[in-house]
Amino acid sequence: MRNREEVDATVQTAKLNPAELLPAVHCLSFGPQAGTGECCLLQLEPGLCAELEAGNSLVIRGEKHEQAVLCSKDKTYDMKIADTSNMLLFIPGCKTPEQLKADEASCNIIHSQIAGFSSNYWELRRCRPKLKKLRKLLMEDPYEGPDSQKDQTLAFSKYTTEDFLSLIQASEEEILCHLQVIDACKIEGYWRILEFDYEMKLLNHVTQLIDSESWSFSKVPLRTCLEELGSLEPKEMIEHILLSYGRKYIDDGEVYFEMREEKICRAIAQMLLQNAVKFNLAEFQEVWQQSVPEGMTTRLDQLKGLALVDKSSRPETILLLKVEDLPEDNQERFNSLFSIREKWTEADITPYIQDLCAEKQTVGALLTKYARSSTQNGVKVYNSRRPIS
Amino acid sequence: MVQIVVSSEGAGGLAQWVLVELQGEVEPRQSGGLAGSLLGDLHYTREGVPVLIVGHHILYGKVVQLEKPFAVLVKRGAGEPGPAEPHTHYTVTALIKTKLLFKTRPKPIITNVPKKA
């Protein structure tokens, strides 16, 4: 170990003026574990440092063939190795000039051992959680109701929150939030999604009751629904359908629901459209208006991200195209859209790419990156940057 | 799917380490690896400029407060890979919020050459 004499001699040989230096000096050497590569560096995005200091954990998730992500309680980050051409040495107990000046007593030699070194580190970038798989897993075994003929003993495709944490590359909060968005519910401890026909059956019970009771759509009482429909369907399912298609509120101690016109009209449109490849637009609009509960008004803009209107065909047509059925990856999504239709207006394509936007990214930025624009009949349209096979 | 937990070592707060960034590579003078060998002496001028003497070179650097701090991770519990492979676990040993960046070219130290008599 170096002593004061040796250090001073080196300073002299280097022609440094001791008067210009702080009295304390660190003698750096490589610790016994330094070369083993046991340590690595993780660059922290804002907020993560505070999380670790508070004692919270982070989790790295991924299948062997997937790119790893890092999850905090509520955010997901892509992980990549950043290579530098420099050497990064990490040194415990190494003091900064401020710390040395503050501590008047230190004029000694501080023997510091370098714990490790690296020329690269893990870099994080906030990303969209990979939630498409969540719906896919739930669709393996949708709930068809208590009268279902399905063999309930085959319980292989049932998932708890814990199961999802080990299967989905997303944070817990993002998973729970998405489960709510897709109207999943817990049945016997497992997350389930309702089979569409069963969901429509439940919705129909409610809308018929609203009609026969002449209730306002904005004041549907939970208690009466459960009383009147409880003999037809499980009470949890009645409440679930009200929660999915209405906004819950309490008035004078009683629970009511304000029914969501757009969501109900959308569901009925899906029911009609899923039975054929394409529909004559005018015919569809007529049938659709007749099919929704009396008092509700259908509008084409209710179908954003669900159906696509073709204004160039004669007669005009409409077909089912659900954004949740499209690929999750940006490039694949655009390839898929451009193979469905060669040229898109911004208005038509926006509902199908909105969910791809990263934090603070706009649809315009996505279009600039993944599409090429041109003008057709005075209208700006977007097409693929590369030929689509 | 693999789930690797990254957690702090325990109660008592995380240690604060410092990063020293050097250009190029550091090679041992003798064969046998770096472990145990000296790197050099780190001084600070009274103005707070870090000065590193490594071998025959002087390096002048600067103290940088990192916009994005680093966590130092140490792998734990990696047993033999096999069917009963335990969950790999990383422990956050320390945080690094400051680095000493040595970007300038090292100045060689020229010792006096005795003049011919």
Side-chain angles (χ1 to χ4, degrees), chain A residues 2 7 10-11 13-16 20-22 24-35 38-46 49 52-53 55 57-64 70 85-98 100 112 114-117 119 121 165-167, chain B residues 1-8 10-11 13-15 17-26 28 33-54 58 63 66 68-75 90 92-100 103 109 111:
Chain A
R2 287 170 70 73
V7 167
T10 306
V11 168
T13 315
K15 299 205 181 61
L16 291 171
E20 285 171 9
L21 300 175
L22 291 181
V25 60
H26 292 82
C27 290
L28 304 175
S29 62
F30 288 92
Q33 298 293 312
E38 284 278 309
C39 284
C40 62
L41 292 174
L42 173 70
Q43 191 180 51
L44 300 172
E45 285 292 298
C49 192
L52 289 173
E53 282 172 318
S57 299
L58 308 173
V59 186
I60 299 172
R61 299 194 160 106
E63 302 277 1
K64 288 201 169 64
L70 182 112
S85 56
N86 293 345
M87 270 276 264
L88 305 169
L89 310 170
F90 16 112
I91 309 178
C94 177
K95 300 211 186 295
T96 61
E98 282 72 41
L100 290 175
S112 295
I114 298 164
F117 56 90
S119 62
Y121 55 88
L165 285 172
S166 68
L167 289 164
Chain B
M1 182 172 78
V2 176
Q3 278 201 90
I4 301 174
V5 177
V6 176
S7 62
S8 307
L14 287 166
W17 292 4
V18 165
L19 197 71
V20 168
E21 186 168 344
L22 302 173
Q23 294 214 311
E25 288 169 28
V26 175
L34 284 170
S37 33
L38 284 168
L39 173 68
D41 297 341
L42 173 66
H43 298 265
Y44 293 106
T45 66
R46 294 200 177 270
E47 274 96 54
V49 174
V51 183
L52 187 61
I53 307 177
V54 179
I58 305 183
V63 178
L66 293 172
K68 293 189 189 178
F70 284 99
V72 182
L73 305 183
V74 176
K75 219 181 209 184
Y90 280 99
V92 181
T93 300
L95 292 176
I96 298 176
K97 297 185 182 173
T98 311
K99 81 172 172 187
L100 306 179
K103 239 186 354 185
I109 297 170
T111 50

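Convention: sequence-line order gives letters A, B, ...; per-chain numbering from 1. Just so you know, these numbers use all the heavy atoms, side chains as well, and skip hydrogens, waters and symmetry mates.
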For K97(B), which atoms come within 4.5 Å of any heavy atom of chain A: side chain, backbone, both, or neither? side chain
Under 3.5 Å donor-acceptor, Y44(B) side chain and K95(A) backbone: yes
When rounded to the nearest 0.5 angstrom, what distance separates CZ in F117(A) from CG in L22(B)? 11.0 Å
Just wondering, do R46(B) and L22(A) contact through their side chains at under 4.5 Å, heavy atoms? yes
Measure distances from S85(A) to the heavy atoms of chain B and classify the residue's part below 4.5 Å as side chain, backbone, both or neither. backbone
List in chain and number order the residues that pass side chain to side chain donor-acceptor pair (under 3.5 Å) with E63(A), two or more places apart in sequence or in another chain; answer none if no residue qualifies. none
Between CG on residue L42(A) and CD1 on residue I96(B), distance to nearest 0.5 Å: 11.0 Å
Supply the atom-to-atom distance K99(B) NZ to T96(A) OG1, rounded to the nearest 0.5 angstrom. 16.0 Å
Heavy-atom distances under 4.5 Å only: say whether V51(B) touches chain A with side chain, backbone, both or neither. side chain
For A15(B), is it the side chain, the backbone, both or neither that has a heavy atom under 4.5 Å from a heavy atom of chain A? neither
Working to the nearest 0.5 angstrom, can you tell me the gap between K75(B) NZ and E38(A) CD? 8.0 Å
Counting heavy-atom pairs under 4.5 Å with chain B, which one of C49(A), G62(A), C27(A), G31(A) comes out on top? G62(A)
Go through the structure and list residues passing side-chain contact (heavy atoms from CB on, under 4.5 Å) with C39(A), not counting sequence neighbours. F90(A), V72(B), V74(B)
Non-hydrogen atoms of chain A under 4.5 Å away: do they reach the side chain of L52(B), the backbone, both or neither? side chain
Rounded to the nearest 0.5 Å, what separation is found between the CG atom of L14(B) and the CG atom of L52(A)? 7.0 Å
Interface moiety of L38(B) toward chain A, non-hydrogen atoms closer than 4.5 Å: both
Below 4.5 Å, heavy-atom pairs only: which of V11(A), L70(A), T10(A), N86(A) has the largest tally toward chain B? N86(A)
4.5 Å side-chain heavy-atom contact, Q3(B) and R61(A): yes
Of the non-hydrogen atoms in G93(A) and W17(B), which two are nearest, and what is the gap between them? N-CD1, 4.4 Å
Quick check on the interface: out of E53(A), E45(A), Q33(A), H26(A), who has the most heavy-atom pairs with chain B under 4.5 Å? H26(A)
Heavy-atom contact with chain A under 4.5 Å, split by part of L73(B): both
Please determine, among A14(A), S112(A), G116(A), G55(A), the option with the most heavy-atom pairs under 4.5 Å with chain B. A14(A)
Tightest non-hydrogen contact, residues H43(B) and V7(A), listed as CE1-CG1, 3.9 Å
Can you find a pair of side-chain heavy atoms, one from L39(B) and one from L89(A), that are under 4.5 Å apart? yes
Between L95(B) and chain A, which part of the residue has a heavy atom less than 4.5 Å away: side chain, backbone, both or neither? side chain
Chain B contact via L28(A) - which portion, at a heavy-atom distance below 4.5 Å: both
With a 4.5 angstrom heavy-atom cut-off, could you sort out which part of Q43(A) is near chain B: side chain, backbone, both or neither? both
Report which part of P92(A) has an atom under 4.5 Å of a heavy atom belonging to chain B: side chain, backbone, both, or neither. both
Are the side chain of S7(B) and the backbone of S57(A) linked by a donor-acceptor contact shorter than 3.5 Å? no
dist I53(B):CD1 -> T13(A):OG1 (nearest 0.5 Å) comes out at 8.0 Å
Structural part of T98(B) lying under 4.5 Å from a heavy atom of chain A: side chain
